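All values reported here derive from a predicted model rather than from experimental measurement.
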Amino acid sequence: MLKSIGNKHNLIAVILCALSIFGMYSFLHIKVLGITLTAYRIAVPIMIVYYYLLIFYKQKNIIFQNYIEKKLTLSAMLVCAFWVIYGLVQVLLAEEINYKESIQEMYMLSLGFLSIAIMIALHLSGVKAKIFLYTVKVIYVALIIFSIYEIVTGNHLASSKLQEFLNEGDERCKYLSSTIFYNVNDYSAFLAIFLPVFFEGRNFGEKIFNLIMIFLSVSVLIKNDAWICFFAVAISLLIYIVLSYEKNNFKNNIINYIMMIITVFCGYKFGRKIFNSIELQSSVGDINQGTEDIIQGIEPPTEVTEPSISQVITSQLGENSVNSSGHIRIDTYCESISNMFADTFGLGYGPANFNQYLINSDNANLLINPHSLWVEILVQYGLIIFILFVGALLYLYICLVKIYLANRDKVVLCAISMDSAYVFASFAPSVFLTYPYHWILIGISIILVMKYHNVILRRLGDTKHGE
């Protein structure tokens, strides 16, 4: 890994990936035109200038030829450009919109698209998807270590919402974890989406380490009451097992599958109990009922109980769950989507303007944030953008599955598993679109499809030459 980073382009790839994860954190809190400057917001435009002006000028014939041949790349860039233009038109034409928040969202959205463009340029410069995955893996381990520190000690970063609660004298969520993210749902989504980087091990030592990381990750998710993210992990593991099954290597595979399933079960069943037993201080009340109850002011029970999955589903979606967070979310999804179609004819309310649907709503028990990436895109940007984005992701996913079945590339399988978790984990945060790290995931999928597209073209060329 360290040897490969010695390459200039690989080093830039590592920096881009790291900044995308730490991209929302500002150390200096300097603002320009109302936008807080971060290393990510500064570095991405610089990288774009470097790759698409300097390198393009020097190697314009090679890069131009690559882009013309790769319809996938050109299509992706056109979708991104159309989305930005569409959003800006919405900002100009919307009657009721917060211009500052809308422009900030469009800026972050543009940076995400530029990140993908940089990853494509890096790929054309010889950078492999493994570099991004290795970087994510290292950062993931560091964040897990810090989250354990948070859970055990109750100490959090000043930027964390958990610290805000503590400053207000509310200690019921003291022993949860958000690490560098604003709240526990944001961090939990990150854990669920990128946990598949630990599904595959090359040797016995790495497999043991991976099992430890899976156990700790699931334990943190359960401790944070991130049940949607736990479900995302289960789905990604199931897809990994189904796709990686091979008759010729059944014995080794079945042992690995059983060990991973047992590890996930142990994290679900015992992880929170282990964390509770080693906390250095006692929490106030039952800290295991989740941040949704804390925000709504619901008093926790006096005894700490370990809810089963069926109990969680019943409490959120059962007959007596009218005021539960799950029921409120579903009501919000349904009403925001229906109101958007009625008010805007399916064109969307505009960037960062999700809560506009509340104006014509008679239901007071709704959320002002989407709590779903897919609802966030549909309600704010309308049906056209939603179809383009979801259609593009679905196309990438199908391509990756076909590539894996033909080549059995474990890197491709890792991308498929992460993409599967992404579909469900993106329901956890209150808002998700402006988080930079998920564009890295999409970029990895694109460059993997591009890589095998090149291989197919070379094979076809060799065949025609042989004829």
Taking all heavy atoms of [X] and all of [Y], pick out the closest pair and write down the distance.
| X | Y | value |
| --- | --- | --- |
| S244 | N253 | O-ND2, 3.6 Å |
| V127 | A13 | CG1-CB, 3.8 Å |
| R408 | Y245 | NH2-O, 3.2 Å |
| F386 | I377 | CA-CG2, 4.1 Å |
| F427 | S372 | CE2-OG, 3.3 Å |
| I442 | I116 | CG2-CD1, 4.0 Å |

Problem - Residues that F215 engages under ring pair (Phe, Tyr, Trp, His ring centres under 6.0 Å), provided they are two or more places apart - result: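 F215 satisfies ring pair (Phe, Tyr, Trp, His ring centres under 6.0 Å) with no other residue.
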
Exercise for the section: Applying ring pair (Phe, Tyr, Trp, His ring centres under 6.0 Å), name anything that partners Y240, two or more places apart in sequence or on another chain. Expected result: F199

Under 4.5 Å between any side-chain heavy atoms of [X] and [Y], yes or no?
| X | Y | value |
| --- | --- | --- |
| L122 | N10 | no |
| V91 | P351 | yes |
| V264 | F230 | yes |

Determine the sole option in [options] for which the ring pair (Phe, Tyr, Trp, His ring centres under 6.0 Å) test with [X] is passed.
| X | options | value |
| --- | --- | --- |
| Y437 | F190, Y187, Y140 | F190 |
| W374 | Y422, F424, Y381 | Y422 |
| F389 | F82, F113, Y86, W83 | W83 |

Exercise for the section: Would you please test S20 and W439 for side chain to side chain donor-acceptor pair (under 3.5 Å) and show each step? Expected result: CA-CA 8 Å; S20 296; W439 300 111; over 6 Å; no

Do the side chain of [X] and the main chain of [Y] share a donor and acceptor less than 3.5 angstrom apart?
| X | Y | result |
| --- | --- | --- |
| N183 | N185 | yes |
| S188 | C229 | no |
| N224 | A226 | no |
| N369 | H371 | no |
| H156 | T179 | no |
| E376 | F432 | yes |

State, without any angle test, whether [X] and [Y] hold a side-chain donor-acceptor pair at a distance under 3.5 Å.
| X | Y | result |
| --- | --- | --- |
| Q380 | Q90 | no |
| S236 | S420 | no |
| D419 | S445 | yes |
| H9 | Y51 | yes |

Problem - Y349 ring center within less than 6.0 Å of F354 ring center - result: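 No - the distance between ring centres of F354 and Y349 does not fall below the 6.0 Å cut-off.
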
Problem - Presence of salt bridge, D186 and K161, under 4.0 angstrom - result: no

Handout entry: Under the salt bridge (charged side-chain N to carboxylate O under 4.0 Å, His left out) test, residues paired with E206 that sit two or more places apart
Key = K137, R202

Handout entry: Residue pair S160, S178: steps toward the side chain to side chain donor-acceptor pair (under 3.5 Å) verdict
Key = CA-CA 7 Å; S160 171; S178 62; 2.6 Å; yes

